[in-house]
Structure formats: C-alpha cells, structure tokens
Amino acid sequence: MRQQWCSISISILAVLLAIVLFKPRLSAQTYLEREVAPAEIDRERWESAKEGISYPTPESRQQREPDEQSQSQKGGGEREGPQPELSPAPEPWVNGDTAALLLRVFFWIIIAIVIAVLLRYLLGLKRPPKNTRIEQGLSSGIDLEAIEEDLPEAQLEDFLQQAVNNKQFSLAVRLYYLVLLQGLTNKKLVSWQKDKTNNQYVQELGGTPLQQDFRNVTLLFEQVWYGDQALDEAAFEQMAPQFQAFAQRIQNLKPDYAQ
C-alpha cells in the first residue's frame with residue numbers, strides 16, 4: 001500500500017511540475033497566436049487633438065537641415081544626452097527544452113518504480129507484513145525468533161501443545177506451519193532460510209504432488225496469521241486436521257523422495 005501511494009505521489013508531483021514549467025510558455029504562445037483586430041478611432045477626438053500642431057513640409061525640412069548642420073559644426077545647439085540603456089528582460093530559469101527533459105526523466109522514474117514493484121512481487125521477494133501476534137508468542141514463553149533461527153533442530157511439539165492449552169490458536173497455527181516447513185526441510189524438499197517468503201517454498205515444491213496441497217495450507221495459514229480477526233477454538237478445530245494430515249504425509253515420504 002505504501003508503494004502505491006509513493007507512485008501516486010510521484011505522478012502528482014510530475015504533473016504539477018509540468019504545469020508550472022510550461023505555463024509561461026503556453027501563455028506566450030497563446031498571445032502570439034491570438035488574432036489582431038484593428039482598433040476603432042474616434043474621429044472627433046482626433047481632430048480636436050491635432051489642432052494647433054503644424055507639420056513640416058518637405059521645403060521647410062530641406063531649408064532647416066543646412067542650418068542644423070552649420071550649428072553642429074560650430075558646436076552650437078543643444079546636444080542630446082546619452083540614452084539610458086534598457087535592461088534585458090529576465091529569462092526564465094528553465095526553458096522549454098529543459099522542462100520537457102525533466103518531465104521525461106520523471107516519467108521514466110515512475111515507469112522504473114512500477115517495473116521494480118512488479119518484479120519484486122513476481123520473483124517472490126515481497127516480504128510478508130510484520131504481525132503483532134509474534135508478541136503473543138513472547139508473552140507465552142514461546143520465542144518464535146529463536147525457533148526459526150534453528151528450525152531443523154527445534155522441538156516444536158511441546159510449544160504447539162503449550163499454545164493450544166493456552167488457547168492461543170493463531171500462534172498454534174503458526175507453529176503447525178513451522179512443523180510442515182521443518183518436515184519438508186528434513187526431507188530435503190525445500191531449503192530453509194529465515195528470510196524466505198512462503199511463496200518461495202511453494203515454488204521449490206514445483207513438479208511434486210505436494211505443491212498444490214502445500215499452497216492450500218499456506219493460504220490458510222496466511223489468512224489466520226496475517227488476518228485481523230482472532231481465531232476461536234471452533235475454527236481452529238476445523239483447520240487443525242489439514243495441517244496434521246499434511247505433516248503425516250511428509251513423515252510417510254521415503255528418504256530418497258527428493259532425489
């Protein structure tokens with residue numbers, strides 16, 4: 001769930017960044033593409049505004065130019081002061097090409113995250129969520145962490161009976177599942193590692209008649225252990241025979257079954 005929210009947040013961030021970067025460029029482009037219409041002029045106001053203004057004729061302009069040149073050579077007349085330099089308009093900190101490149105980079109980052117999540121799930125690297133029921137084992141004196149550190153040699157029967165007597169049925173289901181993994185490991189059908197996922201153990205049984213039944217009990221265990229509802233005694237008595245039957249089936253296998 002956290003990865004999905006991360007992907008959604010990155011997507012929203014990319015869209016907002018694209019809007020901020022491209023907004024000035026789109027506004028300028030809209031202005032340039034807008035059709036220019038001639039403005040209407042009030043004739044009466046124009047006639048009143050130009051009253052008293054005399055416009056030089058070509059003859060008067062030719063007569064005035066020699067006088068201005070002579071005054072310029074003599075140094076007379078007024079000289080125009082230096083014109084102030086206009087500062088160039090500030091350029092945007094990101095141009096259109098850079099913004100397009102950043103948008104493509106964000107797009108490919110999102111694609112890479114989605115592919116990584118899919119590969120992690122398909123390759124069986126998705127870790128099961130932590131569950132507070134591990135604390136139930138510690139409170140009852142059953143250290144699941146210590147059991148899993150040395151599962152092939154662990155004495156699980158006493159712990160299983162203790163959990164049932166204490167009516168900790170979810171913990172008992174967890175111990176039943178460890179019994180199955182212990183039996184499969186001792187028969188060399190799977191290779192026990194504490195950080196493996198349940199799906200990886202299911203895949204290791206590929207090509208054997210045990211795979212489908214083990215997948216079924218795995219789903220049953222995950223619904224109980226990672227579920228939100230506590231397991232009552234009646235429901236436990238209904239599912240316990242399935243674990244017991246599969247454990248007996250493993251026990252009855254010949255030593256060379258995996259070869």
Side-chain angles (χ1 to χ4, degrees), residues 1 120-121 123-259:
M1 188 68 179
R120 186 177 179 87
Y121 179 79
L123 295 178
L125 298 179
K126 182 180 179 182
R127 295 291 181 266
K130 293 183 178 180
N131 196 285
T132 56
R133 291 200 174 96
I134 294 177
E135 299 178 358
Q136 296 179 1
L138 295 176
S139 62
S140 63
I142 301 175
D143 190 348
L144 291 175
E145 293 290 337
I147 292 174
E148 293 178 358
E149 287 293 338
D150 190 21
L151 181 63
E153 303 299 330
Q155 301 296 326
L156 299 176
E157 289 77 10
D158 294 339
F159 295 128
L160 178 57
Q161 189 61 46
Q162 179 180 344
V164 173
N165 293 338
N166 293 337
K167 298 186 181 301
Q168 295 177 304
F169 301 114
S170 297
L171 179 60
V173 170
R174 171 65 177 172
L175 292 169
Y176 262 131
Y177 193 73
L178 290 177
V179 169
L180 302 184
L181 289 176
Q182 184 185 63
L184 293 172
T185 300
N186 293 336
K187 294 293 184 179
K188 301 187 184 304
L189 293 171
V190 299
S191 176
W192 164 256
Q193 291 182 11
K194 186 179 178 180
D195 59 346
K196 275 187 178 180
T197 64
N198 299 331
N199 185 60
Q200 286 177 298
Y201 293 117
V202 173
Q203 297 302 322
E204 287 185 34
L205 292 176
T208 68
L210 299 175
Q211 185 183 37
Q212 185 57 47
D213 291 340
F214 184 68
R215 179 181 285 111
N216 294 337
V217 294
T218 297
L219 293 176
L220 190 62
F221 155 70
E222 290 179 346
Q223 291 173 359
V224 172
W225 188 248
Y226 300 117
D228 296 331
Q229 296 181 353
L231 185 67
D232 57 18
E233 184 173 2
F236 173 75
E237 291 178 353
Q238 289 182 356
M239 66 178 60
Q242 300 182 50
F243 290 93
Q244 296 169 355
F246 195 84
Q248 187 63 43
R249 185 176 175 184
I250 296 173
Q251 188 68 27
N252 296 335
L253 293 176
K254 296 180 180 180
D256 57 348
Y257 179 83
Q259 299 179 359

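We number each residue from 1, following the sequence as shown.
- The nearest pair of heavy atoms linking L175 to I147 is CD2-CD1, 4.3 Å.
- A distance of 4.5 Å separates CZ in R174 from CD in E148, rounded to the nearest 0.5 Å.
- Ring geometry for W192 versus Y201: interplanar angle under 30°, hence parallel rather than tilted (30 to 60°).
- Residues Q211 and L205 come closest through the heavy atom pair CB-O, 3.3 Å.
- Here L189 contributes atom CG and L180 contributes atom CG; the two are 12.0 Å apart, rounded to the nearest 0.5 Å.
- Side-chain contact, N165 with Q161: a donor N or O sits under 3.5 Å from an acceptor N or O.
- Among all heavy-atom pairs drawn from V179 and A247, the shortest one is CG1-CB, 4.3 Å.
- Partner of Y177 under the ring-ring contact (aromatic ring centres under 6.0 Å, His included) criterion, chosen from F214, F246, F243: F214.
- Across Q182 and L151, no two heavy atoms sit closer than the pair NE2-O, 2.7 Å.
- With sequence neighbours excluded, the residues forming a side-chain contact (heavy atoms from CB on, under 4.5 Å) with D232 are A234, A235, listed by chain and number.
- Atom CG of L210 is separated from atom CD1 of I250 by 6.5 Å, given to the nearest 0.5 angstrom.
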task = Starting from the C-alpha separation in whole Å, work towards a yes-or-no answer on side-chain hydrogen bond (donor to acceptor under 3.5 Å, both in side chains) for Q248 and N252.
result = CA-CA 6 Å; Q248 187 63 43; N252 296 335; 3.1 Å; yes
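- Closest approach of Q242 to V217, counting heavy atoms only: O-CG1, 4.4 Å.
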ask   = Where do L171 and L144 land on the side chain to side chain contact (heavy atoms under 4.5 Å, CB included) test, with the steps shown first?
value = CA-CA 9 Å; L171 179 60; L144 291 175; 3.8 Å; yes
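- With rounding to the nearest 0.5 Å, the separation of CD1 in I142 from CG in N166 is 7.0 Å.
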query = Going through the distances and angles, do K194 and E145 end up as a side chain to side chain contact (heavy atoms under 4.5 Å, CB included)?
reply = CA-CA 9 Å; K194 186 179 178 180; E145 293 290 337; 2.5 Å; yes
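- Screening residues 142-175 for ring pair (Phe, Tyr, Trp, His ring centres under 6.0 Å), with sequence neighbours left out, gives F169-F236.
- The two residues L253 and K187 make their nearest non-hydrogen contact at O-NZ, 3.0 Å.
- Of the candidates K196, K188, R215, K196 is the only one forming a salt bridge (charged side-chain N to carboxylate O under 4.0 Å, His left out) with E204.
- Between atom CG of residue N198 and atom CG of residue L219 there is a gap of 9.5 Å, rounded to the nearest 0.5 Å.
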